[in-house]
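What follows is a set of notes on a single structure, which appears directly below.
Just so we're on the same page: letters track the sequence lines, and every chain starts at 1.
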Protein chains: 2
Amino acid sequence: MTRSICYAGDMRKRATAPIRAHPYHHGNLRRALLDAALESIAAAGPAALSLRELARRVGVSHAAPAHHFGDKAGLLTALATEGYRLLAATLREAWERTGNFLDVGVAYVRFSIEHRPYVAVMFRPELYRAGDPALVEARQAASELLYGPLRQLARDDPALDPLRAGLAAWSLAHGFAELWTTGALPPELGDDLEQAARDVLAYLFRPVPPSG
Amino acid sequence: MTRSICYAGDMRKRATAPIRAHPYHHGNLRRALLDAALESIAAAGPAALSLRELARRVGVSHAAPAHHFGDKAGLLTALATEGYRLLAATLREAWERTGNFLDVGVAYVRFSIEHRPYVAVMFRPELYRAGDPALVEARQAASELLYGPLRQLARDDPALDPLRAGLAAWSLAHGFAELWTTGALPPELGDDLEQAARDVLAYLFRPVPPSG
DNA sequence: CATCCGATCTAGACAGTGACAAGATACCAG
DNA sequence: CTGGTATCTTGTCACTGTCTAGATCGGATG
């Protein structure tokens, strides 16, 4: 989470207006609500999310969120979209930096853990509007970055079906991340996520030449 | 779901009492509520679950569920426990019937799809009491059935770390099932779950002898 | 500078929810 | 028949999401 939060008591406001606890216009309420939602989800999951509590925490009235997101589902749709964009950026960076397929998988796992609030929403489509155009576009972009590297790998090994092999890799990374976050994993695995992910992911495509 | 449901208008009641729409004692309210919950979760996910609506659908007062489960979390704890027991039975059956490791994975995927309501609760520990003794026991039993077959496989191939290899298999099956249910998979994969799962799971341990 | 207009936020109200307390009913052991 | 306990009901409370109407601000237009 690299974004900075712009709260109500912003310095810009104080220069022109007398000190007020609650200026009428927040400045960047949309972002503040999203950040508050991420915090809340990190603490108690998306099911326990309360729009009114977000509003309280940010210092606006209970109906203010509705204007920016229309709906609770609207807010979660925005979060999911942002999550898919962030995921796509993460995967692209990993692929361009290492050119290594395994590292993309590890990056996927790391993203799932470090940005758990996003992922907790992204893969619960019943919570948001899964047909939203911006969301669909962001999701497809992220998906493409998962399959792209695989197509390249399939050129070297004709026995590899890029679709199913990619799906296997995606499933493996996704499942490992989910099992890790739900705490379902045995403690003998240790707490070094990076190493554990690498060890486990390596079981896929073992016979494939060094790059994998 | 092999259990039969005992609803309010049971024949036994009618013999001794005049025809009543709502006899005071339901007969098997606990099971009826669990079944209603499964239906509701199948339709709208566990987040949208409403105890009062369950009570209405079963034909009891809004506070009746509290007596059997104490709490909404209590009901979900019961569901998760039951889910883990069912999963354990499914995996055991698959392993004893086929002795094939891949088939256990396929059974896991099939369970995740066919009993989606259970799984939707089981892997969202923030929704229930994850420390509940009965639940912990059921979860460990299911987990053991995932690792057991792997230990046997590791005897043939010393290079196999049973823990991490088992985790890879579990992650792969779990991730595939989750991606399938969220509809995140490309349509080119077809709609034959059994075949798709087999194809994808087969990418793990390819070099391992035929039994895997 | 004055004015208007749209974007942003507030205030109030409503039905629905989970949880709690107190009471009613049914069943069962004695 | 009777007392006691498990089961269920009724009433209530604070809280939530959503809807309505209204207040306030900021910036563009004249």
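Distance from the side chain of B/Leu51 is smallest to C/dA19 among C/dT10, C/dA19, C/dA13. Listed nucleotides: D/dT16, C/dT8, D/dC8. Nearest to the side chain of A/Arg56: D/dT16. Among the nucleotides D/dG17, D/dC8, C/dC9, the one closest to the side chain of B/Leu29 is D/dC8. Taking the side chain of B/His68 as heavy atoms from C-beta on, and the options C/dT8, D/dT18, D/dT7, the nearest nucleotide is D/dT7. Residue B/Ser50 has its side chain nearest to C/dT17 when only C/dA21, D/dT16, C/dT17 are considered. Closest to the side chain of B/His67, from the set D/dA6, D/dT18, D/dG11, is D/dA6.
Among the heavy atoms of the strands, none lies under 4.0 Å from B/Leu75. Using a 4.0 Å heavy-atom cutoff across all strands shown, A/Leu49 reaches sugar-phosphate atoms only and no base atom. Within the 4.0 angstrom heavy-atom criterion, base atoms lie near A/Ala63. Across all strands shown, B/Ala64 has heavy atoms under 4.0 Å from base atoms, whether or not it also approaches the sugar-phosphate.
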Which side-chain N or O atoms in residues 130-146 of chain A pair as donor and acceptor under 3.5 Å with protein atoms at least two apart or in another chain?
| residue | atom | partner | partner atom | Å |
| --- | --- | --- | --- | --- |
| A/Asp132 | OD2 | A/Ala134 | N | 3.2 |
| A/Asp132 | OD2 | A/Leu135 | N | 3.2 |
| A/Glu144 | OE2 | A/Arg151 | NH1 | 3.0 |

Identify every side-chain donor-acceptor pair in residues 173-190 of chain A under 3.5 Å, counting partners at least two apart or on other chains, and give the distances.
| residue | atom | partner | partner atom | Å |
| --- | --- | --- | --- | --- |
| A/His174 | ND1 | A/Tyr108 | OH | 3.0 |
| A/His174 | NE2 | B/Glu178 | OE2 | 3.3 |
| A/Glu178 | OE2 | B/His174 | NE2 | 3.3 |
| A/Thr181 | OG1 | A/Ala177 | O | 3.4 |
| A/Thr181 | OG1 | A/Glu178 | O | 2.9 |
| A/Thr182 | OG1 | A/Glu178 | O | 3.1 |
| A/Thr182 | OG1 | A/Leu179 | O | 3.2 |

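Taking atom CG of A/Leu54 as the reference point, atom P of D/dT16 lies 10 Å away to the nearest angstrom. A straight line from CG of A/Leu76 to C1' of D/dG17 spans 13 Å, rounded to a whole angstrom. Residue A/Leu33 contributes atom CG, which lies 12 Å from atom P of D/dG17 at whole-angstrom precision. Distance CZ (B/Arg52) to P (D/dC8): 17 Å, rounded to an integer number of Å. Rounding to whole angstrom units, NZ of residue A/Lys72 and C1' of D/dC19 are separated by 17 Å. Put simply, CG on A/Asn28 is 11 Å from P on C/dT8, counting in whole angstrom units. Between B/Arg57 atom CZ and C/dG16 atom P there is a gap of 16 Å when expressed in whole angstrom units.
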Test log, rule salt bridge (charged side-chain N to carboxylate O under 4.0 Å, His left out), inputs B/Asp71 and B/Arg129: CA-CA 10 Å; B/Asp71 206 336; B/Arg129 281 182 270 279; 3.4 Å; yes
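The base of C/dG16 is not paired with the side chain of B/His62 by any donor and acceptor separated by under 3.5 Å.
The side-chain heavy atoms of A/Leu34 and A/Phe69, taken from C-beta on, include a pair separated by under 4.5 Å.
Ring pair A/Phe111/A/His115 is parallel by interplanar angle, where below 30° counts as parallel and above 60° as perpendicular.
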